[in-house]
Amino acid sequence: MSDFSPGQRWISDGEAELGLGTILSCDQRSVTVLFGASQETRTYSSRQAPLTRVAFDSGDRIQSSDGWQLLVEDSKEVDGLIVYIGEDAQGQLRELPEAKLADTMQFDQARDRLLTGQVDRNDWFDLRFRTLHHFNRIEQNPALGMSGPRIDLIPHQLYIADEVSRRHAPRVLLADEVGLGKTIEAGLILHRLLLTGRAERALILVPPSLTHQWLVELLRRFALDVTLLDEQQSLAQAESNPFESGQLVLASQDWLFANPHRQAQAEACSWDLLIVDEAHHLDWSAERVGPGYACVDRLASTVPGVLLLTATPEQMGLESHFARLRLLDPDRYHSLERFRDEEQHYVEVARAIDALERLPAGDGSDGENRGRVAAVIEEPDSLALLATLTNPESDAHQQESARNQLRDQLLDRHGTGRVMFRNSRRHVGGFPERRLHLATLAPPSPYRRAFRKLERDEDYLDELLIETGLDHPDVLIYPDAMYRALTEDPLNAEPWWQFDNRVTWLMERLSDDGEHGFAGDKVLVIAHGRETAEELAEALRVLGGIHAPVFHEGLSLVERDRAAADFADEEEGSQLLVCSEIGSEGRNFQFCRHLVMFDLPQHPDLLEQRIGRLDRIGQRHAIEIHVPLFEGSPAERLLRWYRDGMDAFLAPHGVGNELFDAFGDALSEALLDDEALEEVIAETRMLFLSRLAERDAGRNRLLELNACRPARAEAVASAIRELDDDAALPRYLDQAMDVFGVDSQELGNGLLHLQPGQHMLDGLPGLAKGEEGFTATLSRSRALARDDVQRLSWEHPLLREMMGRIIDGTMGNTALSLLKHPAIPAGRLMVELVFRTHCPAPRQLHVNRFLPPTAVRVLLDESGAVLTDKVSFTGLSKNLQKVKKAMARDLIRSRHDQLRGLLAQGESEAERELPSIIEAAQTRMRSELDSDLARLEALARLNPAVREEELDAMRRERRALDTSIDGARLRLDAVRVIVTVDQDSR
Ligand SMILES: Nc1ncnc2c1ncn2[C@@H]1O[C@H](COP(=O)(O)OP(=O)(O)OP(=O)(O)O)[C@@H](O)[C@H]1O
């Protein structure tokens with residue numbers, strides 16, 4: 001028991017966070033303490049009060065309640081109260097009675113906690129040391145931010161995510177062909193930027209039909225919690241800017257683009273990253289700037305990082321494509337003319353790269369290949385590399401290295417590579433075959449009559465256009481729309497689907513289990529217009545009793561998602577989904593292999609978007625494309641143009657827009673005339689083949705070469721695999737769950753069920769008390785196979801929270817344990833000190849990649865002998881035993897002075913290690929940043945795609961890192977006192 005006196009300062013052993021307490025009153029039975037900082041008063045039994053007296057020694061810095069500091073030199077006791085004597089900050093000798101100590105003085109540093117007798121559990125100390133060790137490793141892993149997401153390791157995606165997320169404020173166009181994973185790439189980039197502190201706030205703008213899909217993908221695959229903002233939510237936050245309601249905000253483009261007030265609010269926020277999906281809708285021309293383009297342009301002028309996603313960048317024309325590139329990098333893309341001219345040059349560059357691969361052959365071809373490379377390069381460093389490559393004295397290794405560097409330089413310095421990334425199926429490989437099935441039907445009489453009249457009477461088309469109010473060629477290729485528009489005509493009283501035999505054809509196929517039937521399979525039906533989609537679903541219900549959910553732009557988000565979910569449900573869901581063109585864009589329907597094009601779109605890129613719903617990563621079957629057509633109809637001619645003019649059903653070729661620009665008008669004119677059509681098809685095919693050859697030799701080839709560099713992709717993949725297979729992870733997880741009170745149950749097959757234990761510490765993600773927890777696995781493949789199972793990795797929010805809490809808090813920073821050792825007499829003391837580097841730096845510098853918190857362990861015996869290298873952490877740890885807290889406190893009190901001495905000695909021991917830690921970090925930083933900088937500087941001399949701002953930012957970053965790393969200091973992070981006991985004591 002201790003003697004209490006009013007005015008003395010004590011702290012609570014169990015509630016150190018209350019701060020420094022003052023004894024208000026005491027008697028034989030009880031003692032009452034006021035904790036001023038937290039405004040709490042506690043009364044304890046005098047005999048068992050869990051309190052420790054606070055007493056400082058010379059060398060300690062203390063604060064007065066008036067805000068001045070004293071460096072303690074001595075102390076005296078006056079009426080049971082301590083008075084500290086020492087110098088203040090001005091060097092004045094002053095006295096500070098303990099009653100005047102600041103209530104807010106913190107006791108969270110290991111040293112203070114230990115010396116005031118606050119000790120944690122031994123296993124907490126253990127976990128703290130291991131946490132530091134693993135955190136240090138992981139922060140330096142080059143795959144940090146990419147290993148956690150629940151995705152397959154697909155090389156082209158990893159390459160792009162790695163390349164883009166390394167850049168300062170990346171501004172790029174992700175333009176992989178449809179369904180190759182642009183959303184995944186954007187998610188990976190975002191995830192990595194967030195984990196490395198390079199971004200904190202992002203705004204994601206997507207078409208309304210994709211908001212839910214994005215929300216789910218970001219949560220399910222990336223464990224990112226996103227705020228979905230709409231008008232209703234915004235109105236509910238009328239007092240504040242609704243865009244401030246989350247760090248990651250997802251909003252519908254249609255909503256934002258139509259709403260200037262909300263746009264102004266979005267612009268008023270500070271964002272690190274802007275992501276815009278289906279960016280081909282941002283249209284721009286000299287005459288008209290679309291509202292979407294204008295909105296994104298304004299946002300992009302202040303947001304540093306911008307990712308635009310589109311599979312069909314040229315769908316709205318080359319001008320719009322160029323305008324989007326300009327929005328990403330206005331300095332580089334200032335002239336459309338020049339942009340067009342540059343394309344001419346791409347063939348030579350691609351040829352130079354091919355020639356490079358053949359060098360040196362050591363035969364007569366070397367001269368020509370060398371000439372091809374030399375024709376493109378003029379920079380001295382590239383010329384030097386070419387000389388090394390072709391020098392007969394170079395060894396194979398030197399040649400290989402020169403070839404690789406030169407290849408990178410050619411790709412980097414010429415072309416659109418830095419801003420645009422486009423992977424194609426052809427290049428990525430492994431995609432299913434596409435098969436076209438035509439069903440030629442006799443046109444029903446209302447359509448036939450119209451077709452005939454159109455063919456015979458030249459003026460009838462104009463009449464129809466006026467009468468129906470439809471556009472040309474819609475009126476020709478969508479006969480149901482034409483018919484619908486003519487319902488004023490008494491002859492056309494019944495709905496079109498009553499006689500349109502495409503409907504009966506579809507119904508028959510749905511139940512047909514023959515070779516071309518759909519029985520037992522899912523079918524996606526796409527029609528151009530929303531009305532056609534709606535009425536077709538109605539027809540199926542009325543005529544065949546078939547339930548077909550509809551999916552179009554007029555439905556609310558909830559309705560759309562419900563329809564998609566109904567379709568996706570394997571067991572009880574509907575067999576088919578009827579979509580409109582726009583409504584289905586970007587959606588994932590790869591679980592289905594039959595696509596019915598109830599009619600045809602007018603643009604080749606739209607055709608590709610349709611097929612892309614099924615032809616996506618994850619599709620395991622050949623894709624069956626079914627098109628019902630009326631014999632001799634304009635739509636049949638349109639199909640021939642697509643099929644025979646440009647093989648549009650076989651694969652994406654990326655030249656559709658160009659062909660449409662060149663022949664769209666002629667085609668419209670030829671939709672009623674077979675002869676004219678044959679001509680258009682022949683000309684289209686010629687241009688198609690020549691453009692394809694040109695593109696493949698030039699632009700496409702450069703884009704392909706640049707969109708995935710296999711060696712880099714493999715390096716990232718193997719760094720990820722290393723983390724996936726990290727044997728330390730399950731061990732660490734077990735230990736951490738034990739300490740935090742998380743119960744886990746093995747479910748077999750590598751699955752674990754995690755749930756809150758009775759004494760779980762609060763606030764762990766996914767584990768609210770009273771709730772059932774979640775099922776998880778460490779295996780990537782198992783997590784990929786089951787949507788309801790979370791994947792545990794070093795990047796999982798639960799692990800990051802546990803590690804963060806340990807590192808940022810005091811948990812386990814003190815301990816006292818007993819050691820039985822035959823060779824050491826009882827009653828001896830040892831201290832195990834863990835120091836940690838601190839390197840204050842702005843978060844976005846991510847200094848941790850070079851100097852993560854690094855532990856320095858020092859083990860001293862009571863005589864001050866250094867035992868660090870003789871006794872390992874693990875070796876010692878497993879022989880230690882716990883001790884009751886009260887006993888630990890008594891021990892500490894009795895060895896107070898000795899401990900202070902050992903702490904001071906340990907500090908000087910650890911300090912010796914600091915210079916080499918700093919030097920190693922500086923070397924790592926310099927070697928990475930200097931070579932990146934040199935590469936970028938060289939690139940900037942030739943390629944204006946490198947923004948000066950990017951270079952400046954890199955130089956600033958290097959300087960800031962240099963200063964931060966230099967300023968790194970060591971601080972005591974944790975301390976364990978070890979006391980030896982007799983072999984036979986317990
Ligand atoms: N690495 C991956 N691991 C697992 N699934 C993936 C991976 N990459 C893509 N997918 C899946 O493939 C589908 C297509 O990917 P995503 O939606 O990102 O493609 P996209 O290029 O954005 O398509 P679109 O051009 O239609 O917008 C999605 O269902 C996605 O979840």
Side-chain angles (χ1 to χ4, degrees), residues 143 146-162 172-191 204-207 209-222 224 253 275-281 307-315 420-425 427-428 430-432 524 526 564 567-568 579 581-592 595 605-620 623 652 654 707-708 713 716-717 720-721 724 780-787 791:
M146 305 227 269
S147 81
R150 184 223 294 262
I151 53 160
D152 264 328
L153 303 183
I154 299 180
H156 73 269
Q157 297 174 348
L158 297 180
Y159 170 75
I160 290 179
D162 182 53
V172 298
L173 179 69
L174 300 178
D176 285 354
E177 275 177 14
V178 69
L180 293 193
K182 293 177 289 297
T183 318
I184 301 294
E185 288 160 12
L188 273 171
I189 295 166
L190 173 65
H191 189 254
I204 305 164
L205 301 178
V206 308
S209 62
L210 298 181
T211 46
H212 187 251
Q213 189 169 295
W214 267 84
L215 194 76
V216 172
E217 289 270 272
L218 288 178
L219 185 66
R220 204 164 53 90
R221 294 204 181 276
F222 299 94
L224 291 177
Q253 293 171 354
I275 302 179
V276 185
D277 194 13
E278 306 297 350
H280 47 269
H281 294 307
L307 307 181
L308 301 183
L309 280 60
T310 171
T312 46
E314 294 176 21
Q315 188 174 318
M420 173 161 158
F421 291 89
R422 181 166 176 84
N423 279 289
S424 63
R425 280 174 170 62
H427 196 230
V428 171
F431 281 85
L524 181 73
I526 302 185
F567 183 44
C579 296
E581 197 94 68
I582 297 278
S584 59
E585 192 181 65
R587 299 290 303 212
N588 294 323
F589 296 127
Q590 63 268 55
F591 52 84
C592 155
L595 171 66
D605 284 352
L606 290 177
L607 190 86
E608 184 46 37
Q609 285 280 4
R610 285 186 179 192
I611 303 172
R613 299 309 102 229
L614 278 60
D615 191 355
R616 310 173 77 64
I617 285 171
Q619 175 58 265
R620 292 195 296 270
I623 291 153
C708 181
V716 178
I720 295 177
R721 278 195 293 269
D724 280 5
R780 182 179 290 273
S781 59
R782 273 190 209 106
L784 274 166
R786 294 231 346 223
D787 277 358
R791 176 164 175 265

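All of these numbers come straight from a predicted model, not from anything done at the bench. We number each residue from 1, following the sequence as shown. First listed ligand is number 1; within each ligand, the first listed atom is number 1.
Residue contacts with ligand 1: Gly179 is placed with a nitrogen or oxygen under 3.5 Å of a nitrogen or oxygen of the ligand (distance criterion only). Of the polar atoms of Gly612, none of the N or O atoms is found under 3.5 Å from an N or O of ligand 1, judged by distance alone.
In the candidate list Lys182, His156, Arg616, Lys182 is nearest to atom 25 (O) of ligand 1, counting heavy atoms. Between Val206, Asn423, Ile184, Leu309, it is Ile184 that holds the heavy atom closest to atom 9 (C) of ligand 1.
The ligand atoms of ligand 1 that sit less than 4.0 angstrom from a heavy atom of Glu217 are 30 (C), 31 (O). Residue-ligand proximity, Ile151 to ligand 1, at heavy-atom distances under 4.0 Å covers atoms 1 (N), 2 (C), 3 (N). Atoms of ligand 1 lying under 4.0 Å from at least one heavy atom of Arg613, given by number and element, are 26 (O). Near Asn588, meaning under 4.0 Å from one of its heavy atoms, ligand 1 places the atoms 13 (C), 14 (C), 17 (O), 28 (C), 29 (O). Heavy-atom proximity to Arg221, at under 4.0 Å, picks out these atoms of ligand 1: 4 (C), 5 (N), 31 (O). Residue contact check: Gln590 has heavy atoms under 4.0 Å from atoms 11 (C), 12 (O), 13 (C), 28 (C), 29 (O) of ligand 1. Within ligand 1, the atoms closer than 4.0 Å to a non-hydrogen atom of Ala311 are 25 (O), numbered from 1 in the order shown.
Atom 22 (O) of ligand 1 has its closest protein heavy atom at Thr183 OG1, 2.9 Å. In terms of protein heavy-atom proximity, atom 12 (O) of ligand 1 is nearest to Ile617 O, 3.2 Å. The shortest contact between atom 3 (N) of ligand 1 and any protein heavy atom is with Asp152 N, 2.8 Å. When hydrogens are left out, the protein atom nearest atom 19 (O) of ligand 1 is Gly181 N, 3.1 Å; that is the closest non-hydrogen contact. Among all protein heavy atoms, the one lying closest to atom 8 (N) of ligand 1 is Gln157 NE2, 2.8 Å.
Gln590 places a side-chain N or O within donor-acceptor distance of the main-chain N or O of Ile617, the cut-off being under 3.5 Å. Of the possible donor and acceptor atoms, none in the side chain of Gln253 sits under 3.5 Å from a partner among the backbone N and O of Ala279.
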List the steps, then state whether side-chain contact (heavy atoms from CB on, under 4.5 Å) holds for Thr312 with Val178.
CA-CA 8 Å; Thr312 46; Val178 69; over 6 Å; no
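If you look at Glu278 next to ligand 1, the close heavy atoms, those under 4.0 Å, all belong to the side chain.
Between Phe589 and Phe567, the ring-plane angle classifies as perpendicular under the 30° and 60° cut-offs.
Here the straight-line distance linking atom CG of Asp724 with atom CZ of Arg721 works out to 8.5 Å at 0.5 Å rounding. With rounding to the nearest 0.5 Å, the separation of CD1 in Ile189 from NE2 in His191 is 13.0 Å. For the atom pair CD1 of Ile204 and OG1 of Thr183, the computed distance is 10.5 Å after rounding to the nearest 0.5 Å.
Heavy-atom minimum distance, Arg780 versus Ile151: NH1-O, 2.7 Å. Across all their heavy atoms, Arg791 and Ser147 have their closest contact at NH1-O, 2.7 Å.
With Thr310 as the partner, the side chain to side chain donor-acceptor pair (under 3.5 Å) test is satisfied by one option alone out of Lys182, His280, Glu278, Arg422: His280.
In this structure, Ile154 is part of the shell of residues with a heavy atom less than 4.0 angstrom from ligand 1.
Between Arg613 and Leu595, every side-chain heavy-atom pair lies at or beyond the 4.5 Å cut-off.
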